[in-house]
Amino acid sequence: MYDVTKWFDNAIHMFGSFSFTLLLNYIFHVKKISDSKIVIFVYATSLGIATGVFYEFVEFALDMILKTTTQEGLIDTNLDLIFDTFGAMIASILIIYRKDIHQYE
């Protein structure tokens, strides 16, 4: 799918960032940090964006060390980061508005 469609890479980045944001929320118990929805949103989104940036660093390292071509240029990298941000933001909204808001207490 990655080589056949243009949108698959973006969807994978958004889904991956969404998933890792939820995973990191589970690990770090983001809701225990603050009662403010804005603080929770910013913190959880930052965790997701950080995983996306880390993934881009890994792609860059693979390209440099193993001479692969996972990064096709600046536009590809920027689109990856934008979709990582979208995925993290969607996950953060889900984290904030879950019914069991006090599940870790």
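Because the structure is predicted, anything quoted here is derived from the model rather than measured.
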With sequence neighbours left out, what residues match Ile12 under side-chain contact (heavy atoms from CB on, under 4.5 Å)?
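Residues passing side-chain contact (heavy atoms from CB on, under 4.5 Å) with Ile12: Phe8.
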Return the set of residues passing side-chain contact (heavy atoms from CB on, under 4.5 Å) with Ser19 (not counting sequence neighbours), or none when no residue passes.
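By the side-chain contact (heavy atoms from CB on, under 4.5 Å) rule, Ser19 matches Phe15.
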Should we say atom CD1 of Ile75 is surrounded by more than 12 heavy atoms from elsewhere, each under 6.0 Å from it?
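Open.
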Within the supplied structure, the quantity of interest is the number of heavy atoms (other residues, nucleotides, ligands) at a distance under 6.0 Å from Phe18 CZ; does it exceed 12?
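For Phe18, atom CZ is crowded (more than 12 foreign heavy atoms under 6.0 Å).
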Gap between atom [atom2] of [Y] and atom [atom1] of [X] - 0.5 Å precision:
{"X": "Leu24", "Y": "Ser17", "atom1": "CG", "atom2": "OG", "result": "9.5 Å"}
{"X": "Ile96", "Y": "Lys37", "atom1": "CD1", "atom2": "NZ", "result": "7.5 Å"}
{"X": "Leu22", "Y": "Ile27", "atom1": "CG", "atom2": "CD1", "result": "11.5 Å"}
{"X": "Thr21", "Y": "Ile90", "atom1": "OG1", "atom2": "CD1", "result": "10.0 Å"}
{"X": "Leu74", "Y": "Leu79", "atom1": "CG", "atom2": "CG", "result": "9.5 Å"}
{"X": "Thr45", "Y": "Asp84", "atom1": "OG1", "atom2": "CG", "result": "12.0 Å"}

Determine whether Asn25 and Leu47 satisfy the following criterion, side chain to side chain contact (heavy atoms under 4.5 Å, CB included), listing intermediate values before the conclusion.
CA-CA 8 Å; Asn25 171 59; Leu47 288 174; 5.9 Å; no
Apart from Phe60 itself, residues in the same hydrophobic cluster as defined by side-chain heavy atoms under 4.5 Å:
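Hydrophobic cluster check, Phe60: joined to Met64.
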Throw together a table of side-chain donor-acceptor distances under 3.5 angstrom for residues 50-57, partners on residues two or more places apart or in other chains.
unit_1 : atom_1 : unit_2 : atom_2 : d
Thr51  : OG1    : Gly48  : O      : 2.6
Glu56  : OE1    : Gln71  : NE2    : 3.0

Between Ile93 and Ile82, is there shared hydrophobic-cluster membership here, with clusters defined by ILVMFWY side-chain heavy atoms closer than 4.5 Å?
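Result: yes, single cluster for both.
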Check the hydrophobic clustering (I, L, V, M, F, W, Y; side-chain heavy atoms under 4.5 Å; chains of links allowed) and say if Ile49 and Leu81 are grouped together.
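Yes, because Ile49 and Leu81 connect within a single hydrophobic cluster, where side-chain heavy atoms sit under 4.5 Å apart.
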Using the ring pair (Phe, Tyr, Trp, His ring centres under 6.0 Å) rule, collect all pairs that involve residues 70-95, keeping only residues at least two apart or in two chains.
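The answer is Phe83-Phe86.
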Can you check whether Val42's main-chain N or O pairs, donor with acceptor, with Ser46's side chain at less than 3.5 Å?
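Yes, Ser46 side chain to Val42 backbone: donor-acceptor pair under 3.5 Å.
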With Asp63 via side chain to side chain donor-acceptor pair (under 3.5 Å) - residues at least two apart
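Asp63: side chain to side chain donor-acceptor pair (under 3.5 Å) contacts with Thr68, Thr70.
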